[in-house]
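Here's the structure, in structure tokens; my notes come after.
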Amino acid sequence: MAANDPFQFQEFEESNLLAADKDSTSISIEDDFINSDTSRKTPSLAPDDDPLASDDKSELLSGQKKSVPFWTFDYYQMLFNVDTRHVKERIIGSILPWPGKNFIQVYLRRNPDLYGPFWICTTLVFAIAISGNISTFLVNLGKPEYKYSPEFGKVTIAATAIFSYAWLVPLAVWGFLLWRSNKIMNLVSYSFMEIVCVYGYSLFIYIPAVVLWIFPFEWLRWLSILVALFLSGSVLVITFWPAVRDDQPKIIAAVMSAIVVLNVLLAVGCKAYFFSKAAPVLIPDKLAATAGIHAHATT
């Protein structure tokens, strides 16, 4: 009775099925799979098709950068890896500010560089030192008691002032914005290198202004200072306004005022120190003769 049970599970072997229908065609899936794998030839990888070699190309094409620690050489090497086209665009953006065009968002695009700021600061240092010496020479030109002597110490003083402004001020701004962003979550945050990049490019307008300071005309000097201050200050204000506009009104006024005042102090300080009318330097023989005349007059 159990042997004839129709609901009992029965095992069907492949040999029984083939024997049952000898005219049918059988297809073996395993054989086809094995044959297809063996018949398919493995293509040889060319040097250009190497996936490891193409990682760098795809990374460059996608615009992504490797994340490396800031204390390594590769980190700073990436900051100097910038195209000439990008540097030109950022220089033009720094001298032609436009309301609503944030310098970091429009020109940097999360890709700051140190190449442009470094050479701008270096060029500005030598421009200030050289123009200051030439200006002093022109002011005292034609005076018999004046003896020209190049002042190489101006290069050191100018370098200290410019690079301190281009690094210490961004450090203070970055630290303050970081502190405020921790208190107010919806504030826009910038990285330290982005702030350094903005300050570096904002100094470019002072290079042609300093060249104009060579001419001993005070009206021309102050006019160039006002134009440079307006353009440079506008870049900084437009850039940092989104980072503080949601903060308290007192904080907004303090940050914007500090940014503008430090920019004014740099420009006016350089003009007052390097381009003031220098007192004439007397030749030793003339100095002795003048002292003798004064001594004779007193007796």
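Nothing fancy with the numbering, it's 1 onward along the sequence. Remember, predicted model here, so these are calculated numbers, not experimental data.
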Minimum heavy-atom separation for [X] to [Y], with atom names?
{"X": "Gly200", "Y": "Pro117", "result": "CA-CB, 3.7 Å"}
{"X": "Leu203", "Y": "Cys121", "result": "CD1-SG, 3.9 Å"}
{"X": "Ile238", "Y": "Gly100", "result": "CG2-N, 4.3 Å"}
{"X": "Phe275", "Y": "Ile128", "result": "CZ-O, 4.0 Å"}

Requested in this report: If a pair satisfies side chain to side chain donor-acceptor pair (under 3.5 Å) and one of its residues is in residues 121-130, list it, with sequence neighbours excluded.
Outcome: none
Query raised in the report: Is atom CZ of Phe192 surrounded by more than 12 heavy atoms (other residues, nucleotides or ligands) closer than 6.0 Å?
Result: yes
Side chains of residues 249-262: which donor-acceptor pairs under 3.5 Å do they make with residues two or more places apart or in other chains?
residue: Ser257; atom: OG; partner: Ala253; partner atom: O; Å: 2.6

Is it true that the side chains of [X] and [Y] contain a donor and an acceptor less than 3.5 Å apart?
{"X": "Ser135", "Y": "Arg221", "answer": "yes"}
{"X": "Ser224", "Y": "Trp213", "answer": "yes"}
{"X": "Asn263", "Y": "Tyr199", "answer": "no"}

Report task. Determine whether Leu226 and Leu231 fall in the same hydrophobic cluster, where Ile, Leu, Val, Met, Phe, Trp and Tyr are linked whenever their side-chain heavy atoms lie under 4.5 Å apart. Result -> no
Query - Pairwise side-chain contact, Trp222 with Lys271, heavy-atom cut-off 4.5 Å (strictly under) - result: yes
In a table with atom names and distances, give each donor-acceptor pair under 3.5 Å that connects a side chain of residues 158-168 to protein atoms at least two apart or in another chain.
residue: Thr160; atom: OG1; partner: Thr156; partner atom: O; Å: 2.9
residue: Ser164; atom: OG; partner: Thr160; partner atom: O; Å: 2.5

Report task. Please test Arg90 against Asp113 for salt bridge (Lys or Arg N to Asp or Glu O under 4.0 Å), starting from the C-alpha separation and ending with a verdict. Result -> CA-CA 10 Å; Arg90 294 170 184 182; Asp113 71 285; 2.3 Å; yes
